[in-house]
Structures are given as C-alpha cells and as structure tokens.
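Here the structure is laid out as structure tokens; the discussion comes afterwards.
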Amino acid sequence: MAADAAQGSEKGFTEAAATRVMTAACRAAGLDDRGAELIRLGENALFRLASVPVIVRVARGPEWLTKARNEVAVSRWLTGEGFPATRAVEDLEQPLVIDGHPVTFWHLIVEADRKATYGELGGVLRDLHSMTVPEGLHLPSYEPFDKSDVRLDKAVIPDDDKTFLRKRARELRDKCAELRFETPKGPVHGDAHVQNLMVDIQGRVILIDFEVFCFDHPEWDLMVTSVEHHSLGWQTDEQYADFVGAYGRDLYDWEGYATLRGLQEFNMTTWLMQNVKVSERVADEYRRRIAALRDDDGPRDWRPW
C-alpha cells in the first residue's frame, strides 16, 4: 500500500477504521470476526472475538510494526520460560499488516473477580528483572520519547501546546542523558503499571502488554508506580508499601526520581492527547494535565485513565 494511504489510515484511527482492519486481519488469519467487540481504543484498538477466545490488537500505524514484532517475540520467550505472561496465538505468523496497521492475535485471559494488587506487581517485576535474556532475543534499549515524537506530529491540539511540549521534551532529554543508574541492565517491561497485570480464573497473576519491552535499567519499570503514588496520589500508603516491600526498593529515594517524575507525567499527557477528539471527557482531562505540566509545583489532580 502507498505510504500516504497508510499515514491517512493512522490519522483516521477511529472505531470504524479499526474495525475494518480487524475484519480484514481475521479473514487473512482464517478467524471468524462476526460479533467481535471493541473493548478499548487507545494506543491500540483491542477487539474480543465472539467465535474463539482470542483478542485482536490493531496498532495505530506502520510506525508500530517493530514494536508488534517485539511484543510477540517476548511473549513467546516468557511463555517458554514458564513466566506468567500473556500468550500470542501459536501457529500463526505475526504480526499481519493490514493497510499499514500491524495486527496481532492473543489468547483471551478469562479474568477472576478481583484485580491484581500492588504487592503482586512488585513481586512480578522483581521476578522479571532477575531473568536472563537469551542470546537470540534482540531487545531495544528503553526509548523514553519514541512514541511522544509521533504523537506530537499527529496531535490535534493548539499550536501553543505543541510548542510547549516539544520544549519540555528537549529539556527532559537533556536530564535523562545525565541519569546515573544504580542497577545493571536486564529485561524491562517498559510500561509497568498495575493495569498491565491480570488475574485469571485459576488465580494466576499474568503480565500483559509487551509492546515496549526492552533491555535496560530496572528503574524504568519502577518509575510508573512511584510517580503514581508520590506525585498523583493514586495509591494509598499501604498499597505503595506493599509494592515497595515486594520489590525491595522505593525509587523515590533515588536522586534521579525527579527526572523520571517529569518524564512519566509528560508521557501520560501525550498518551491521552491522542484521543482529545474522541470525547469531551478526554479533552477535559488533557487540559487538566497540560495545565499541570506548565506548573511544576502545582497539584496533580489527575484522573486515572
């Protein structure tokens, strides 16, 4: 397909457009898409098939092809090691590319009646960070700004906001370059929040979403929950203590925490920015976040998304 058509497809990443891609991908894979349900439209579109227990993930555009390949490879490695990880559908060459959109297929996780805890998140990350990446699995380094650059190029936000966010990105790049990590590199999830854990009906806690899995310093995985607690107040003191107790470290005590706080808040804002036209609720939350970024010392009354 022509490059301009693929880019146009990404710009129009709506429910209807994602559904068309999902339908074509299912047909190419020999799966029945009838009755498929859209369960999330965010960084990707996620569909639950009615015919088989499979989740179909449609990425926003061709820029995400390398990440989709990485995600499938990581899932197959972790599964082979017996690590509790979401499983890519076997015997299917993945990802498929439909109109510029990488599409992957995953076994449905039938959830239990409870959510994963922060203590469980700390334990899963501790176990993950202790693993050794096999020689045949070539993982990238953590890239704090790879998605934000693409997001800003395509964002439908005021020009003044774009100018501010690009300036903030440059400042954060300089600060990240000065970080001095205290741990050796190893496997890193890259988006390690508690929503990326699921509990199945057998009670197993399963790690999902390996799109930005990488080989880097474990501090990147501790960043998310630490900022959610210390800056945003999204966990109780008890919940955060459970996380720290299970993992064995509080990132807040590290001198690089302030830089990672700024980075995490920046990325949370640019992530939400993609869907400001989806609803006024999203637009309101984006305005709340961009206003807070302009005031480093102001309150962070952000809503979880």
Side-chain angles (χ1 to χ4, degrees), residues 66-67 70-71 73-75 77-86 116-148 169 171-197 205-232 234-235 237 239-268 271:
T66 298
K67 294 182 184 300
N70 183 67
E71 187 171 24
V74 167
S75 171
W77 164 54
L78 292 177
T79 299
E81 292 292 325
F83 189 90
T86 184
T117 67
Y118 286 95
E120 288 169 332
L121 175 61
V124 166
L125 291 180
R126 178 198 62 221
D127 293 344
L128 176 67
H129 295 163
S130 70
M131 296 181 70
T132 299
V133 176
E135 291 185 6
L137 181 60
H138 302 291
L139 297 174
S141 298
Y142 185 74
E143 295 291 344
F145 303 98
D146 62 340
K147 288 186 178 181
S148 62
E171 294 169 348
L172 286 168
R173 277 189 172 92
D174 290 342
K175 291 180 179 178
C176 286
E178 297 173 354
L179 288 171
R180 297 295 178 263
F181 293 94
E182 297 179 348
T183 57
K185 292 183 178 182
V188 166
H189 182 273
D191 190 21
H193 53 76
V194 76
Q195 288 79 17
N196 275 334
L197 288 182
V205 179
I206 299 172
L207 186 62
I208 67 171
D209 193 0
F210 304 127
E211 197 173 63
V212 290
F213 201 98
C214 58
F215 184 81
D216 218 301
H217 298 284
E219 282 89 347
W220 296 118
D221 273 349
L222 302 183
M223 170 177 68
V224 178
T225 302
S226 182
V227 171
E228 287 182 352
H229 177 70
H230 292 295
S231 180
L232 306 178
W234 286 2
Q235 298 99 34
D237 290 345
Q239 287 173 320
Y240 189 67
D242 287 344
F243 173 78
V244 171
Y247 188 84
R249 183 183 180 191
D250 186 352
L251 195 66
Y252 190 71
D253 298 329
W254 179 48
E255 63 179 9
Y257 169 78
T259 295
L260 295 196
R261 173 198 168 187
L263 175 64
Q264 178 64 11
E265 291 180 351
F266 173 83
N267 283 336
M268 291 173 71
W271 173 80

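These numbers come from the heavy atoms of this one structure, side chains and all, not from hydrogens, waters or symmetry mates.
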* Within-4.5 Å side-chain heavy-atom neighbours: D242 and T117 -> no
* To do: Output all residues satisfying salt bridge (Lys or Arg N to Asp or Glu O under 4.0 Å) with E228, sequence neighbours left out; order by chain, then residue number.
  => none
* Structure fact -> In terms of heavy-atom contacts, W77 and P187 come closest through CH2-CB, 4.3 Å
* Any residue meeting ring-ring contact (aromatic ring centres under 6.0 Å, His included) with F83, in chain and number order, not counting sequence neighbours -> none
* Any residue meeting side-chain contact (heavy atoms from CB on, under 4.5 Å) with E171, in chain and number order, not counting sequence neighbours -> K167, R168
* **Side-chain heavy atoms of P144 within contact of L172, under 4.5 Å** => no
* Asked: If every non-hydrogen atom of A246 is compared with every non-hydrogen atom of G123, which pair is closest and at what distance?
  -> CB-N, 3.6 Å
* Side chains of V188 and H217: closer than 4.5 Å at any heavy-atom pair? -> no
* **Aromatic plane relationship, Y142 with W220 - under 30° parallel, 30 to 60° tilted, over 60° perpendicular** => parallel
* To do: Check the side chains of Q235 and T225 for a donor-acceptor pair under 3.5 angstrom, ignoring hydrogens and angles.
  => no
* Under 3.5 Å, side chain of N196 to main-chain N/O of D191, donor-acceptor pair present? -> yes
* To do: Heavy atoms only: give me the nearest L197-I208 pair and the separation to one decimal.
  => N-CG1, 4.5 Å
* Given side chains that start at C-beta, do those of V244 and Y118 come closer than 4.5 Å, heavy atoms only? -> no
* **Side-chain touch P218/L222, heavy atoms, less than 4.5 angstrom** => no
* Which pairs count as salt bridge (charged side-chain N to carboxylate O under 4.0 Å, His left out) when at least one residue sits in residues 251-265, sequence neighbours excluded? -> R261-E265, E265-R300
* Would you call L128 and L78 a side-chain contact if the rule is heavy atoms closer than 4.5 Å? -> yes
* Asked: Looking at T79 and A85, what are the two nearest heavy atoms and their distance?
  -> OG1-O, 4.3 Å
* Spacing of NE2 belonging to H229 relative to CH2 belonging to W234, to within rounding of 0.5 Å -> 14.0 Å
* To do: Apply ring-ring contact (aromatic ring centres under 6.0 Å, His included) to H129 and list each qualifying residue two or more places apart in sequence or on a separate chain.
  => Y247
* To the nearest 0.5 angstrom, please state how far the OG atom of S148 sits from the CG atom of L263. => 8.0 Å
* Can you name the nearest heavy-atom pair linking L137 to A73, along with the distance? -> CD1-CB, 3.9 Å
* Could you tell me the separation between the CG atom of L139 and the CG atom of N70, rounded to the nearest 0.5 Å? => 5.5 Å
* **Gap separating the NE2 atom of H189 from the CG atom of D216, nearest 0.5 angstrom** => 14.5 Å
* Quick check: does any side chain N or O of R126 sit under 3.5 Å from a backbone N or O of G248, one acting as donor and the other as acceptor? -> no
* Got a second to check how far L232's CG is from S226's OG, nearest 0.5 Å? -> 10.5 Å
* Which pair of non-hydrogen atoms, one from L251 and one from Y240, has the smallest distance, and what is that distance? -> N-OH, 4.1 Å
* To do: Kindly indicate whether the side chain of E219, heavy atoms from C-beta on, has any atom under 4.5 Å from the side chain of T183.
  => yes
* To do: If a pair satisfies salt bridge (charged side-chain N to carboxylate O under 4.0 Å, His left out) and one of its residues is in residues 178-188, list it, with sequence neighbours excluded.
  => E182-R249
* Would you mind reporting whether D250 and Y257 have side-chain heavy atoms less than 4.5 Å apart? => no
